[in-house]
Amino acid sequence: MTLVGVLALQGSFNEHIAALRRVGVKGVEIRKPEQLENVGSLIIPGGESTTMAKLAEYHNLFPALREFVKMGKPVWGTCAGLIFLANKATGQKTGGQELIGGLDCTVHRNFFGSQIQSFEADIAAPELSSKEGGPETFRGVFIRAPAILEVGPEVQVLADYHVSSNKESDSNSADGGEEGNTTSEKRVIVAVRQGNLLATAFHPELTADTRWHSYFLKMIGEVGEGSSSSVVAVGTYSHLNQPRIDLPIYQ
Ligand SMILES: NC(=O)CC[C@H](N)C(=O)O
C-alpha cells in the first residue's frame, strides 16, 4: 500500500489521514527527520504556521524537509503548509518564521484576515475537474487563510479567488502598504502546482470531496521518487451531487 507522510506537529493532520483513508491510502504521521526516510511523499497540513515552524525547529526538521523538497519528492502544503513551502511570505508576526521554501511564490500569511473572517466559497478549478471528474467547482474552506500574491514562471495556477474591493483595501492596510484601491477588481491565487509541489490556501481535508487528495496521489504517480506508480485514486464522485454534508467531516 502506498504510504503518504503527513507532518503531524500541529493542525489538521488527523483530517488529512482520514481523507487519505477514504481514497485507499495510508497516511503516516511524521514528527522526526528520520521518519521522512520511510515515505515518498508528504502533506503539510493547516494549523498555526508560527507554532508549526517553532515545533519544526525544535525537532530539527527544516534541513530534512528542505532536502525532501529538493529531491523532487511530492509535497502538498495546505494553508499553513502553503506558507511553509513559499520562498517568500509577507504579513508575518514580528520576528518572522522559518520557511522550507522551494515554491517560487510570495504568500500573504493572513491575507483574508483573522479567524472571524474565515469563510467558505465555491471555487472553479478546471484542472481539478478535468483530471478528477466531478463538478467544475469545489467547496473551498478558508480558515485564517493565506493567499498567493505573486508566482514565478514555473508555477501553474490551479485556482484563484475574486477579492471584493473592501477586502483588498483591508489587506493592503494590514500590510502597512499604500491604501487599497477600493474600486479595482482583484483576484488572488489560492491553488498552485510547481513540479513536485502542490499548494492550496484552503482545507480540502475538512470536506467530503476527496478530489484534491486524488489529484495529489496522481502527482505522486507522475513525479514521486520511490513511490508506487500504481497509485490510483479510487471511488466515484456521485456523492458530490448529493446535498452538501455539513462540516466538519471527521470520518
Ligand atoms: N488554517 C491555517 O492553516 C491558517 C494559517 C494561518 N494563516 C497562519 O499562518 O498561522
Side-chain angles (χ1 to χ4, degrees), residues 5-20 27 29-31 42-59 61-62 65 75-103 105-121 123 138-150 158-161 163 167-168 170-177 188-192 197-207 209 212-213 216 247-250:
V6 182
L7 191 63
L9 301 175
Q10 194 257 353
S12 59
F13 58 87
N14 282 318
E15 290 78 2
H16 271 294
I17 291 171
L20 288 169
E29 293 182 16
I30 303 290
R31 291 186 178 85
L42 180 71
I43 293 175
I44 304 176
E48 206 294 315
S49 63
T50 317
T51 308
M52 284 170 66
K54 285 197 169 48
L55 288 167
E57 228 170 308
Y58 176 77
H59 290 291
L61 268 160
F62 277 105
L65 287 167
V75 180
W76 174 19
T78 58
C79 204
L82 152 61
I83 297 164
F84 260 56
L85 289 176
N87 283 346
K88 188 168 171 247
T90 61
Q92 296 185 15
K93 284 182 180 164
T94 321
Q97 64 200 72
E98 196 164 351
L99 304 173
I100 299 168
L103 182 61
C105 76
T106 302
V107 65
H108 186 297
R109 178 172 164 261
N110 286 318
F111 178 81
F112 292 101
S114 68
Q115 192 78 24
I116 53 170
Q117 270 95 21
S118 299
F119 65 100
E120 291 179 34
I123 309 276
F138 67 91
R139 191 73 179 162
V141 177
F142 293 81
I143 303 172
R144 278 185 305 114
I148 298 172
L149 306 179
E150 283 165 9
L158 301 178
D160 61 16
Y161 179 74
V163 180
K167 254 205 189 66
E168 181 190 4
D170 289 351
S171 69
N172 276 323
S173 51
D175 256 349
V188 285
I189 299 166
V190 293
V192 295
L197 302 180
L198 176 64
T200 54
F202 44 84
H203 293 264
E205 75 282 10
L206 298 184
T207 74
D209 186 347
W212 283 105
H213 286 82
F216 183 56
L247 295 172
I249 307 284
Y250 300 115

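All ligand and atom numbering here is 1-based and tracks the order in the structure. As the structure is a prediction and not an experimental result, all values here were calculated from the model. Just so you know, residue 1 is the first one in the sequence shown, and it goes up from there.
Between Y161 and F119, the ring center distance clears the sub-6.0 Å criterion.
The heavy-atom pair separating P45 from I43 by the smallest distance is CD-O, 3.7 Å.
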Taking only distance into account, with no hydrogens and no angle test, what donor-acceptor pairs under 3.5 Å do side-chain atoms of residues 47-56 form with protein atoms, sequence neighbours excluded?
| unit_1 | atom_1 | unit_2 | atom_2 | d |
| --- | --- | --- | --- | --- |
| E48 | OE1 | T50 | N | 3.0 |
| E48 | OE1 | T51 | N | 2.7 |
| E48 | OE1 | T51 | OG1 | 2.8 |
| E48 | OE2 | R109 | NH2 | 2.8 |
| S49 | OG | Q97 | NE2 | 2.9 |
| S49 | OG | R109 | NE | 3.3 |
| T50 | OG1 | R109 | NH2 | 3.3 |

Within the protein, flag every N or O under 3.5 Å from an N or O of ligand 1, and note the pair and distance.
| unit_1 | atom_1 | unit_2 | atom_2 | d |
| --- | --- | --- | --- | --- |
| ligand 1 | 1 (N) | I143 | O | 2.9 |
| ligand 1 | 1 (N) | H203 | NE2 | 2.9 |
| ligand 1 | 3 (O) | G47 | N | 2.8 |
| ligand 1 | 3 (O) | G47 | O | 3.0 |
| ligand 1 | 3 (O) | A80 | N | 3.1 |
| ligand 1 | 7 (N) | R109 | O | 2.8 |
| ligand 1 | 7 (N) | N110 | OD1 | 2.6 |
| ligand 1 | 7 (N) | R144 | O | 2.7 |
| ligand 1 | 9 (O) | S49 | OG | 2.5 |
| ligand 1 | 9 (O) | R109 | NE | 2.9 |
| ligand 1 | 10 (O) | E48 | OE2 | 3.2 |
| ligand 1 | 10 (O) | S49 | N | 2.8 |
| ligand 1 | 10 (O) | S49 | OG | 3.3 |
| ligand 1 | 10 (O) | R144 | NH1 | 3.3 |

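Listed by chain and number, the residues in a ring pair (Phe, Tyr, Trp, His ring centres under 6.0 Å) with H203 amount to none (sequence neighbours excluded). Residues forming a ring pair (Phe, Tyr, Trp, His ring centres under 6.0 Å) with F202 (at least two apart in sequence, or on another chain): F138, F142, W212.
Using bins of under 30°, 30° to 60° and over 60° for the plane-to-plane angle, the ring pair W76/H213 lands in the perpendicular bin.
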